[in-house]
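Take a look at the structure set out below.
Values reported hereafter were calculated over all heavy atoms of this structure, with side chains retained and with hydrogens, waters and symmetry mates removed. No experiment lies behind these values; they were computed from the predicted model shown.
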Amino acid sequence: MADHRRENRRLWNEWSDDFQALWNAETAEGGLPPAPSPFGPDAPGGPQPDLLDSIEGKAYVELGCGGGQGSVGTARLGAEPVVGVDLSGEQLEHAKRLRDLYGVDARFVAGDVTALPFADDSFDAASSEAAFQMVERIDRALGEAHRVLRPGGVFVLSVPHPLSEALDPETETFERGYFDTGRREIAIDEAYDSSLIVFDRTVGDLHDALVEAGFEVRRLIEHRRHEVVENDPADSDLPDLLWQVPQSVRFWAVAR
């Protein structure tokens with residue numbers, strides 16, 4: 001296993017409990033934690049019925065599933081079977097607990113998105129939320145996503161927007177140029193032994209990598225933060241600069 005994957009796995013295993021606690025922080029007492037699906041009505045950009053009329057009854061895999069929110073949310077919409085794959089064993093334990101809380105049918109397996117443990121043409125739909133930012137060989141990861149999808153299968157790829165990633169919201173300046181791509185380390189907290197290792201790419205780089213892997217990109221959505229969409233700037237502690245840039249970029253692509 002490459003060093004960056006080993007370090008990221010170690011960090012996610014250490015960070016998992018704290019990360020999931022933050023994710024679930026606004027869960028009402030006695031309520032269920034959030035489990036949004038990339039195919040749900042509240043997903044960034046909304047559903048795309050001309051590309052996928054319904055996820056119900058479709059075989060679905062979440063690549064880099066983390067705590068399983070996308071898998072569980074998509075199982076709730078009727079996808080079957082549902083599988084989530086992730087490097088971190090601790091994240092997968094959270095995913096299994098979330099699945100059991102919702103009482104849905106989903107399977108979670110340990111694996112690497114650049115070498116998926118699935119046969120060719122196994123799924124009708126796939127998605128990945130933020131995980132591909134941590135992949136150095138994105139050509140391999142996208143090639144694997146294409147391999148396990150059936151012809152005409154839909155892939156929803158979302159990563160943090162590279163423009164937002166280049167900004168320092170506190171100083172309201174660029175920490176680096178938009179075109180300064182490549183490996184970068186993010187110090188999460190001094191309490192953890194590892195830093196998160198990510199690989200920055202432009203939107204154009206991501207688009208071209210999808211095309212080269214055999215996908216036809218049909219939608220590109222530059223998603224604003226939920227807090228920005230739902231609130232007035234005067235009522236938020238979010239730094240002003242973050243109201244002016246997208247939080248993520250989301251591609252809807254079809255396997256040719």
Could R6 and D3 be called an ion pair, given the rule that one side-chain N must be under 4.0 Å from one carboxylate O? yes
Indicate if V82 and L92 have the same hydrophobic cluster label, given that clusters are the connected sets of ILVMFWY residues with side-chain heavy-atom separations under 4.5 angstrom. no
Indicate whether any N or O donor in one side chain lies under 3.5 Å from an N or O acceptor in the other, for Y178 and D200. no
Would you say the side chains of R10 and S194 form a donor-acceptor pair under 3.5 Å? yes
Atom pair NZ/CG of K58 and L77 - distance to nearest 0.5 Å: 12.0 Å
Counting only N and O atoms by type, is there a donor-acceptor contact under 3.5 Å from the side chain of R176 to the main-chain atoms of E165? yes
Spacing of CG belonging to D17 relative to CG belonging to L22, to within rounding of 0.5 Å: 11.0 Å
S128 (side chain) donor-acceptor with L63 (main chain) under 3.5 angstrom: yes
Can L11 be reached from L87 by stepping across I, L, V, M, F, W or Y side chains whose heavy atoms are under 4.5 Å apart? no
Quick check, are the ring centers of W12 and F19 under 6.0 angstrom apart? yes
Give the ring-plane orientation class for H146 versus F215, where under 30° counts as parallel, over 60° as perpendicular and anything between as tilted. perpendicular
Examine the side chains of S88 and D86 and answer whether a donor and an acceptor come within less than 3.5 Å of each other. no
Measure across Y60 and A79 and return the closest heavy-atom pair with its distance rounded to 0.1 Å. CB-CB, 4.1 Å
Do I221 and V217 share a hydrophobic cluster, counting only Ile, Leu, Val, Met, Phe, Trp and Tyr and linking them when any side-chain heavy atoms are less than 4.5 Å apart? no
Counting C-beta onward and ignoring hydrogens, is there a side-chain heavy-atom pair between S164 and V245 closer than 4.5 Å? yes
Please give the remaining members of the hydrophobic cluster of F199, linking ILVMFWY side chains under 4.5 Å, ordered by chain and number. I197
What heavy-atom pair brings L149 and A255 nearest, and what distance separates the two atoms? CB-CB, 4.3 Å
Quick one: closest heavy-atom pair of A209 and I138, and the distance? CB-CG2, 4.3 Å
Any donor and acceptor pair, going by atom type alone, linking the side chain of N13 with main-chain N or O of E90 inside 3.5 Å? yes
Carefully, step by step, assess F108 and V85 under the rule side chain to side chain contact (heavy atoms under 4.5 Å, CB included). CA-CA 6 Å; F108 293 102; V85 59; over 6 Å; no
What do the steps show when you test F155 against V254 for side chain to side chain contact (heavy atoms under 4.5 Å, CB included), and what is the final call? CA-CA 6 Å; F155 182 37; V254 176; over 6 Å; no
If I compare all heavy atoms of D105 with all of A75, which pair ends up nearest, and what's the gap? O-CB, 4.0 Å
Quick one: CD on E129 to OG on S37, what's the gap to the nearest 0.5 Å? 10.0 Å
With side chains defined as the heavy atoms from C-beta onward, is the minimum distance between E62 and T74 less than 4.5 Å? no
Which heavy-atom pair separates H94 from S16 by the least distance, and what is that distance? CD2-OG, 3.0 Å
Considering only heavy atoms from C-beta outward, does the side chain of L32 approach that of T27 to under 4.5 Å? no
Inter-residue atom distance Q20.CD - W15.CH2, 0.5 Å rounding: 10.0 Å
Indicate if L142 and V159 have the same hydrophobic cluster label, given that clusters are the connected sets of ILVMFWY residues with side-chain heavy-atom separations under 4.5 angstrom. yes
Does any part of the side chain of D121, heavy atoms only, come nearer than 4.5 Å to the side chain of P151, both counted from C-beta? yes
Side chain of R97, backbone of G67: donor and acceptor closer than 3.5 Å? no
Quick one: pull up CD in E175 and CG in L167 and give me the separation to the nearest 0.5 Å. 8.0 Å
Apply the test side chain to side chain contact (heavy atoms under 4.5 Å, CB included) to residues R250 and V156: give CA-CA distance (whole Å), side-chain angles for both, the deciding distance (0.1 Å), then the verdict. CA-CA 7 Å; R250 182 172 299 253; V156 181; 3.8 Å; yes
In plain terms, say whether E185 and R183 are close enough for a salt bridge, that is, a side-chain N and a carboxylate O under 4.0 Å apart. yes
Check the orientation of H207 and F251. Use parallel for under 30°, tilted for 30 to 60°, and perpendicular for over 60°. tilted
Joint cluster assignment, F123 & F132, ILVMFWY side-chain distance < 4.5 Å: yes
Hey, does the side chain of R99 reach the backbone of A106 with a donor-acceptor pair shorter than 3.5 angstrom? yes
State, yes or no, whether a side-chain contact exists between F39 and P47 at a heavy-atom distance under 4.5 Å. no
Assess the side chains of Q247 and H161: does a donor N or O sit below 3.5 Å from an acceptor N or O? no
Nearest heavy-atom contact between V211 and R256 is O-NH2, 3.5 Å
Return the OG1 to CZ distance between T181 and R201, rounded to the nearest 0.5 Å. 8.5 Å
What's the verdict on side chain to side chain contact (heavy atoms under 4.5 Å, CB included) for V203 and L220, showing C-alpha distance, side-chain angles and the deciding distance? CA-CA 9 Å; V203 173; L220 191 160; 3.8 Å; yes
Can you find a pair of side-chain heavy atoms, one from I188 and one from S195, that are under 4.5 Å apart? no
Between F118 and V109, is any pair of side-chain heavy atoms under 4.5 Å apart? yes
Ion pair D124/R150, N-O distance below 4.0 Å: yes
